[in-house]
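Down below is the structure, laid out as structure tokens.
All chains are named by letter (A, B, ...) in the order of the sequence lines, taking the proteins before the strands, and each is independently numbered beginning at 1. Reckoned from all heavy atoms, side chains included, excluding hydrogens, waters and symmetry mates.
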Amino acid sequence: MNISTYTITPQAPYRFDFFRERIVTSSNSYLYDIGDQHLGRAHLIDGHHVFVRVSCPNQGSDAPEFHLHVEGAPDEAVAEKAMRLWRHMLSLDRPLYPFYAKMSGDPVLCGIIDQLSGLNLLLEADPFESMILSIIGQQVNLTFAENLKRALVELCGTRIELNGRSVYAFPTPEQIARLQYEDLRPLKYSQRKAEYIIDFARGVVNGEIDLAALEQMDNDEAIATLVKLRGIGRWTAECVLLFGLGRPDLLPAADIGLRNAIQHFYGLDHQPTEPEVRERATAWAGYESYVTYYLWTALGLAKAQAKKQKSTGN
DNA sequence: GGCCAGGCTAGCA
DNA sequence: TGCTAGCATGGC
């Protein structure tokens, strides 16, 4: 088997173990091969199924060195595309220090940054995958969302066997477009959710939806384009810009998780309204995505901690 | 048992 | 233009 290896040393602070933790606790963990010191995933690149494995022996360090192995690429060009895909997914070309410097006047955020120093954005592989996952994630809790996502991937994604490992590549637009709505109903999809997902994939396949064009648009323009599609509201479009395109300045002001986190960490006596979130976020200009991500993550940790304390009676 | 989940649409006034 | 029931299910 042909394996290409790349050695990567991100700019500190950078915590590889935070990505692992993020994946384990997310509703997308089924997409990954997760080990103590590595992460892996299958991808379809230029028609070739490749498996990317990132290993990091010193993953708890805030200046880690890690190795990215690409298996199954027929030539160097495909291997390099896989490598660049993971540079995107792991936000390797986005140093954190400008964000930290910008937030230095906010004691609440500084406390969270101290706790999460080195946490960078874990992005989805591409806008298509991001859109499908975001539509599935609308409204439902994370446990149920994971069941739905896993069922879709196992229904129509390509299963790949590599060195005894069995993993699925995320379905292509063509694979989802071929489904019928009733194929998803037994998987506990609502009729509407099935329609939104399959219709979106069909739009991509027949060329009505141009995902590549989103890259050239500013945030407002891209959101306005996406929300014209049935099943895609502002929240979903914002998720795609944040997690699919990796826009650093995206503010999901209506998101319930962000509003809960602001109330919690800033000690508000009410859940902030969307205009109140926008007002507060003027201080975050340029890094809204990062602040949102840190607040979401910190609230998740606080909830997990509270749950743990409750279960142990402390 | 009821309400809320990292929402959205269709239908109604 | 603005409001709300309904969607499917799991967790608390």
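Among the atoms of the strands shown, only primed sugar atoms or phosphate atoms (P, OP1, OP2) are found under 4.0 Å from some heavy atom of A/R185. Residue contacts shown for A/T236 are limited to sugar-phosphate atoms, with no base heavy atom under 4.0 Å away. Nucleic acid contact for A/L258: none, since no nucleic acid atom lies under 4.0 Å from a heavy atom of the residue. Counting any heavy atom pair closer than 4.0 Å across all strands shown, A/Y293 reaches no nucleic acid atom.
Computed from coordinates, the A/K149 NZ to B/dG6 P distance equals 11 Å when rounded to whole Å. Computed from coordinates, the A/Y294 OH to B/dG6 P distance equals 21 Å when rounded to whole Å. The nearest whole Å value for the distance from the CG atom in A/L229 to the C1' atom in B/dG7 is 16 Å. A/K193 places its NZ atom 9 Å from the C1' atom of C/dA8, with the value rounded to the nearest Å. Rounded to whole Å, the distance from CG on A/L226 to P on B/dT9 is 12 Å. One atom, CG of A/L142, and another, P of C/dG11, lie 11 Å apart when rounded to the nearest Å. Note: CG (A/L148) to C1' (C/dC7) measures 12 Å, nearest angstrom. Separating the CD1 atom of A/I256 from the P atom of B/dC8 is a distance of 13 Å, rounded to the nearest angstrom.
Separation of the C1' atoms belonging to C/dG10 and B/dT9 is 23 Å when rounded to the nearest angstrom. C/dG11 and B/dC8 have their P atoms separated by 23 Å, with the value rounded to a whole Å. Across the C1' atoms, B/dG6 and C/dG2 are found 25 Å apart, a figure rounded to whole Å.
No hydrogens or angles considered: nothing links the side chains of A/E80 and A/S4 as a donor-acceptor pair under 3.5 Å. A donor atom on one side chain and an acceptor atom on the other are found under 3.5 Å apart for A/Y181 and A/D199.
Candidate nucleotides B/dG7, B/dG6, C/dG10 were compared by shortest atom distance to the side chain of A/Q139, and B/dG7 ranks first. Distances from the side chain of A/Q138 to the nucleotides C/dG10, C/dA8, B/dC8 place B/dC8 closest.
Look at A/S190 and you'll find a side-chain N or O under 4.0 angstrom from OP1 or OP2 of C/dA8.
Sparse packing is recorded around CD of A/E76, with 12 or fewer heavy atoms of other residues, nucleotides or ligands lying under 6.0 Å away.
With DNA chain B read from its 5' end, the first of the two nearest nucleotides for A/R230 and A/N141 is the one closest to A/N141. Comparing A/Q191 and A/T143 against DNA chain C, the residue whose closest nucleotide sits nearer the 5' end is A/Q191. If you find the closest nucleotide of DNA chain B to A/R192 and to A/G137, the one lying nearer the 5' end belongs to A/G137.
Distance CZ/A/R94 to OH/A/Y287: 10.5 Å, rounded to 0.5 Å.
As the counterpart of C/dA8, no nucleotide is assigned, since no Watson-Crick or G-U wobble pattern has both distances under 3.5 Å.
Between A/Y294 and A/F99, the ring-plane angle classifies as perpendicular under the 30° and 60° cut-offs.
Checked by atom type and distance alone, the side chain of A/K193 pairs as donor or acceptor with a backbone atom of A/Q138 at under 3.5 Å.
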